[in-house]
Each structure stands twice: as C-alpha cells, then as structure tokens.
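Here's the structure we're looking at; comments come further down.
What's counted below: heavy atoms across the whole structure, side chains too, no hydrogens, waters or symmetry copies.
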Amino acid sequence: MITTYFRPGVMSVFTIVVLGCSAFSQSQPVADLDYQTAAVLYMQKSAEYRALAYQAFNLARLRLDSDLDKNNLKRLPKEERKRPRSIVVDIDETVLDNSPSQANTIRTGRPFNTSDWYAWGETRKAKAIPGAVDFLNYAVAKGVKVFYISNRDEVQKQATIDNLVKAGFNDVSAANVLLRVTESSKDALRAAAAGKYRIVMLIGDNLDDFSGVFERRSVADRFAATDAAREEWGRKFIVLPNAMYGTWENAIYEYQRLTETQKAEKRAAALELP
C-alpha cells in the first residue's frame with residue numbers, strides 16, 4: 001500500500017510513483033529474494049546488530065572527544081587549526097533504518113526499484129539506527145557541523161529532511177543534507193561538505209561512503225584498498241554493518257546487469273568451501 005501525502009510540490013512525484021509501481025508490477029516477474037531474509041532479520045531482530053551499532057557510535061564519540069581536546073590542535077597543521085569541525089555521515093543504514101523497505105522487497109518479489117523506494121521514503125517512517133541520534137546530537141552540541149551525504153535522489157530531499165527530524169536528529173536542513181544530483185560518486189559532495197570545514201570523521205555502511213578509491217572495484221581490489229587504509233578504520237572511518245545490500249554484493253556480480261537467476265549463480269560460485 002502506498003501512502004500519499006498531499007503536500008505542495010509532491011503530488012506530481014506521487015503520480016509518477018503510483019503509475020511506476022503499477023507499470024512495474026505488470027512488466028516484471030516476481031523474483032525470489034529469499035536469500036536476503038537472514039540479513040534483514042539480523043538487522044531487525046538480533047541484539048548483536050544493535051550492539052555493533054552502539055559500538056560504532058561509542059567509538060565515534062571517543063574519537064570526537066579526542067579531537068576536541070585542546071592538545072590535539074597542536075598536532076594539526078597551522079592552516080587546519082582554525083577551521084571548524086565537521087562530520088560526514090551517510091544516511092541509509094548508517095543513521096536511518098530502511099530494513100522494512102528491504103523486507104517488503106522480499107515479500108513482494110520486487111527487487112529494488114525507484115518507485116517503491118520513493119514511496120517508502122515519502123512515509124517518513126525510517127527509524128534511527130541505535131546510537132546515531134545520541135552521537136550526532138552530541139556532536140552538534142559541541143559545535144560540530146554534521147553533513148548528511150547520500151545517493152538518495154534530489155527529489156527525495158524534503159522527505160529525507162522530514163524523516164531525519166522526525167527520528168530526532170538536530171540541525172538538519174537543506175544546507176547540510178546533500179543528495180545525488182547527477183552522479184553516484186560521493187567525492188564531489190564530500191568536497192563540498194569539506195569547504196571551510198575540517199572533516200573529523202566519516203561514518204557509513206558502504207566503503208563508497210569514505211572514498212572514491214573503493215568505487216567499482218573487484219572483490220580482491222576492495223580487500224586490497226581496505227587493507228591499505230587499515231590505520232583509518234576506527235579512527236577517521238567508522239563503519240556500520242549492513243549485510244542486506246551494498247557495493248560488496250555488486251562486486252560479486254562484477255557490476256553487471258544480471259537476472260536474479262544469474263545473481264544466484266554468482267553468489268553460489270563465490271562461496272569459499274572446505
């Protein structure tokens with residue numbers, strides 16, 4: 001069911017969404033997405049997932065407190081000392097939990113598509129990831145500027161801002177919620193977020209949230225790039241777990257457009273066996 005919000009400037013989007021969903025259901029066969037069930041249940045039902053999320057944001061706070069220490073300024077280059085601090089965070093599966101949307105793809109047999117994704121976003125129902133609100137509001141209270149950078153489409157901006165505010169995040173506006181306009185790489189958005197700020201840390205659930213060096217790399221190359229950045233993990237780079245989807249899965253498919261059957265074959269072939 002699609003919930004429609006009668007807001008200025010949104011109805012045209014929803015007309016497209018509703019028609020898009022109808023067209024999708026008529027033209028696409030039902031896909032078997034049951035392989036994602038365990039990953040969604042892990043995020044929704046395991047206390048271990050919550051512990052990992054809290055752990056990530058607790059570590060982020062420790063790192064921020066260390067950076068806020070006046071003695072830290074002495075270790076920075078002179079040109080960096082007077083620049084205000086910022087933190088760059090991804091949105092989906094980093095500060096907002098979209099697992100209900102992912103669960104719905106399993107139930108309906110419809111793989112990710114923009115019609116369903118836009119409709120979910122317009123509900124403003126995504127809950128905050130455990131620990132995210134406390135940490136980011138703490139950072140804001142300390143005078144740190146938080147930038148929310150996402151590959152959500154620009155048309156989703158107001159719904160995204162509304163959802164973040166509803167979830168409890170402070171200092172959320174069009175100025176610091178930066179969404180995709182033309183390209184999927186986040187390098188340009190990160191550069192824009194840096195501007196006059198010094199980025200203290202980046203937080204995300206996908207390696208692409210941290211640097212373009214990880215983008216569209218093979219599984220082996222992603223491993224190598226991750227190893228090369230080993231000193232940054234838990235320091236400037238804080239990672240949230242996400243087994244539901246991500247570039248890690250695209251790398252297994254070698255970034256090809258495949259049928260669900262072909263994807264299943266790729267996954268099976270990628271397993272390391274005794």
Side-chain angles (χ1 to χ4, degrees), residues 20-21 23-53 55-56 90-94 96-120 126 129 150-152 180 184-186 204-230 233 237-274:
C21 286
F24 185 93
S25 62
Q26 293 175 11
S27 62
Q28 298 294 324
V30 174
D32 182 2
L33 303 175
D34 192 57
Y35 79 95
Q36 298 175 356
T37 299
V40 175
L41 287 175
Y42 181 78
M43 186 167 183
Q44 293 183 340
K45 303 301 181 183
S46 75
E48 289 82 356
Y49 171 81
R50 297 181 71 82
L52 287 169
Q55 178 176 268
D90 173 53
I91 296 177
D92 300 310
E93 281 45 82
T94 297
L96 291 181
D97 174 1
N98 299 287
S99 61
S101 175
Q102 196 74 11
N104 195 51
T105 67
I106 300 170
R107 182 181 64 85
T108 62
R110 290 198 299 263
F112 176 85
N113 63 89
T114 54
S115 296
D116 289 350
W117 175 241
Y118 287 177
W120 160 251
I129 297 293
S150 171
N151 273 337
R152 288 187 174 205
R180 176 173 58 187
S184 59
S185 175
K186 294 182 177 180
D205 66 299
N206 189 319
L207 295 188
D208 294 6
D209 297 329
F210 303 100
S211 170
V213 73
F214 299 109
E215 294 176 10
R216 297 193 66 82
R217 297 291 194 92
S218 67
V219 172
D221 287 346
R222 294 179 91 244
F223 276 29
T226 300
D227 292 347
R230 61 171 56 84
W233 308 113
F237 298 161
I238 306 293
V239 186
L240 275 294
N242 179 7
M244 297 191 302
Y245 66 87
T247 306
W248 64 267
E249 186 175 357
N250 295 336
I252 293 172
Y253 305 146
E254 299 175 312
Y255 305 95
Q256 301 177 74
R257 289 184 175 275
L258 304 175
T259 65
E260 293 303 319
T261 298
Q262 290 171 325
K263 289 178 180 179
E265 292 172 352
K266 286 279 189 181
R267 291 194 299 270
L271 290 171
E272 296 184 22
L273 302 173

- Query: With a 4.5 Å limit on heavy-atom distance, are the side chains of Q256 and K266 in contact?
  - Reply: yes
- Residues at least two apart in sequence or cross-chain that pass side chain to side chain contact (heavy atoms under 4.5 Å, CB included) with D32, listed by chain then number, are D34
- Can you find a heavy atom in the side chain of Y49 that is under 4.5 Å from one in the side chain of Q44? no
- Item | Value rounded to 0.5 Å, distance of OG1 in T247 from OH in Y253 | 12.5 Å
- Report yes if the side chains of I129 and L240 come closer than 4.5 Å at any heavy-atom pair, otherwise no. yes
- Item | Flag side-chain contact, heavy atom, 4.5 Å: D205 against D90 | yes
- Hey, can you tell me if F214 and W233 have their rings parallel, tilted or perpendicular (30° and 60° cut-offs)? tilted
- Message: Between N104 and W120, is there a side-chain heavy-atom distance shorter than 4.5 Å?
- Response: no
- Message: For the OH atom on Y35, are there more than 12 heavy atoms of other groups (residues, nucleotides or ligands in this structure) within a distance under 6.0 Å?
- Response: yes
- Task: Flag the pair Y245 / T105 as yes when at least one side-chain heavy-atom distance between them is below 4.5 Å, and no otherwise.
- Result: no
- Item | All salt bridge (charged side-chain N to carboxylate O under 4.0 Å, His left out) counterparts of R222, not counting sequence neighbours | none
- Query: What are the two closest heavy atoms between F210 and V239, and how far apart are they?
  - Reply: CZ-CG2, 3.8 Å
- Item | side chain to side chain contact (heavy atoms under 4.5 Å, CB included) partners for A31, two or more places apart | L33, P111, E260
- Does the pair K186/D208 count as a salt bridge with the N-to-O cut at 4.0 Å? no
- So, do Q102 and M43 sit near enough that their side-chain heavy atoms are less than 4.5 Å apart? no
